[in-house]
Enquirer: 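Below is the structure I would like to discuss, written out as structure tokens.
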Amino acid sequence: MSVSKVLLIALFILSGCASGPDEGNTCGTVSGYLLPDSDEGLYRVVVTHLNGKAVISRPNYQLSPGQYEFTLAELIDSPRLKVKLAARQTKTLSVEVRADQRYHLAAKFNQDQIYRGLDSDYWQPVVWKQEADQCEWLSLQRDDK
């Protein structure tokens, strides 16, 4: 093998090593499966819409990095909650998803006062926990924007 061929092969190998990670394959995860601490006023939620599109709620959403809007329904089962069913409306939460991060969603029950009647201010959607988590696409279908 000639020196020029060896140099050409070495150049291709080195250029492959020098390229950065494939940004198109990175993802983050938004989750609603962990049971948050109700002693801290945190309760589970159900995702009803992602970026305005109706979805079937599931434990995890693998997403490309970017801004997403989740529409959530709370599952607060506190005896202190005395609002009517008509007040139990969905709320939205924007999440900036970053690669290899997991975001856990919850409903924060505002326990500083007693809510009655049609008062919908008794809760707010929150990310109650964020942690590093290597995200790998599990399927060919992505929940992109």
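Count residues from 1 along the sequence. The basis for the numbers below is simple: all heavy atoms, side chains too, and nothing from hydrogens, waters or symmetry mates.
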Enquirer: Is there a chain of hydrophobic side chains (I, L, V, M, F, W, Y, each step under 4.5 Å between heavy atoms) that links Val95 to Val126?
Expert: no

Enquirer: Could you tell me the separation between the CD atom of Glu136 and the OG1 atom of Thr26, rounded to the nearest 0.5 Å?
Expert: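 Nearest 0.5 Å value for the CD-OG1 distance: 12.5 Å.
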
Enquirer: Are any non-hydrogen side-chain atoms of Asp121 and Asn110 less than 4.5 angstrom apart?
Expert: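 Asp121 does not reach Asn110 side chain to side chain.
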
Enquirer: Does any part of the side chain of Ser78, heavy atoms only, come nearer than 4.5 Å to the side chain of Tyr43, both counted from C-beta?
Expert: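 With C-beta onward as the side chain, the pair touches.
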
Enquirer: Taking salt bridge (Lys or Arg N to Asp or Glu O under 4.0 Å) as the cut-off, I'd like each qualifying pair that reaches into residues 36-48, sequence neighbours left out, listed once.
Expert: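 Residue pairs passing salt bridge (Lys or Arg N to Asp or Glu O under 4.0 Å), neighbours aside: none found.
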
Enquirer: On a heavy-atom basis, which atom in Glu74 and which in Arg88 lie closest, and how many Å separate them?
Expert: OE2-NE, 2.8 Å

Enquirer: So does Arg98 have more than 12 non-hydrogen atoms from other groups sitting under 6.0 Å from CZ?
Expert: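 Result for CZ/Arg98: open.
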
Enquirer: What pair of heavy atoms forms the shortest contact from Cys27 to Gln62, and how long is it?
Expert: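 Closest approach of Cys27 to Gln62, heavy atoms only: SG-NE2, 4.3 Å.
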
Enquirer: Can you see which heavy atom on Ala132 is nearest to which on Gln101, and at what distance?
Expert: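 Looks like CA-NE2, 3.6 Å.
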
Enquirer: Give the cluster check for Leu42 versus Leu81: same hydrophobic cluster or not, with ILVMFWY residues linked at side-chain heavy-atom distances below 4.5 Å.
Expert: no

Enquirer: Just so I know, are the side chains of Val97 and Tyr61 near enough to count as touching, which here means a heavy-atom distance under 4.5 Å?
Expert: no

Enquirer: Measuring from Lys108:NZ to Trp123:CH2, what's the distance to the nearest 0.5 Å?
Expert: 13.5 Å

Enquirer: Please name all residues satisfying side-chain contact (heavy atoms from CB on, under 4.5 Å) with Arg102, sequence neighbours left out, ordered by chain then number.
Expert: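 For Arg102, the residues satisfying side-chain contact (heavy atoms from CB on, under 4.5 Å) (neighbours in sequence not counted) are Thr29, Ser31, Tyr33, Asn60, His104, Glu131, Asp133.
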
Enquirer: Is there a path from Val30 to Val46 through hydrophobic residues (I, L, V, M, F, W, Y) whose side chains come within less than 4.5 Å of each other?
Expert: no

Enquirer: Would you compute the distance between atom CG of Leu50 and atom CG of Leu63 and round it to the nearest 0.5 angstrom?
Expert: 6.0 Å

Enquirer: Identify whether Ile76 and Val83 are in the same connected component of the hydrophobic contact network (ILVMFWY, side-chain heavy atoms under 4.5 Å).
Expert: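 Yes, it is one cluster - the side chains of Ile76 and Val83 are joined through contacts under 4.5 Å.
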
Enquirer: If we only count heavy atoms from C-beta on, is the Leu72 to Thr92 side-chain gap below 4.5 Å?
Expert: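 No. Closest side-chain heavy atoms not under 4.5 Å.
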
Enquirer: To the closest 0.5 Å, what do you measure between OH (Tyr103) and CZ (Phe70)?
Expert: 10.5 Å

Enquirer: Is there a side-chain contact between Val45 and Leu75 (heavy atoms, below 4.5 Å)?
Expert: no

Enquirer: Out of curiosity, Asp112 CG to Tyr122 OH, how far, rounded to the nearest 0.5 Å?
Expert: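 Here the interatomic distance stands at 14.5 Å.
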
Enquirer: Looking only at non-hydrogen atoms, find the nearest pair between Ala87 and Ser120 and report the distance.
Expert: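 Nearest heavy atoms, Ala87 then Ser120: O-CB, 3.6 Å.
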
Enquirer: Flag the pair Leu93 / Glu69 as yes when at least one side-chain heavy-atom distance between them is below 4.5 Å, and no otherwise.
Expert: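 Contact flag for Leu93/Glu69 side chains = no.
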
Enquirer: Write down the atom of Cys135, the atom of Gly28, and the distance for their closest heavy-atom approach.
Expert: SG-N, 3.7 Å

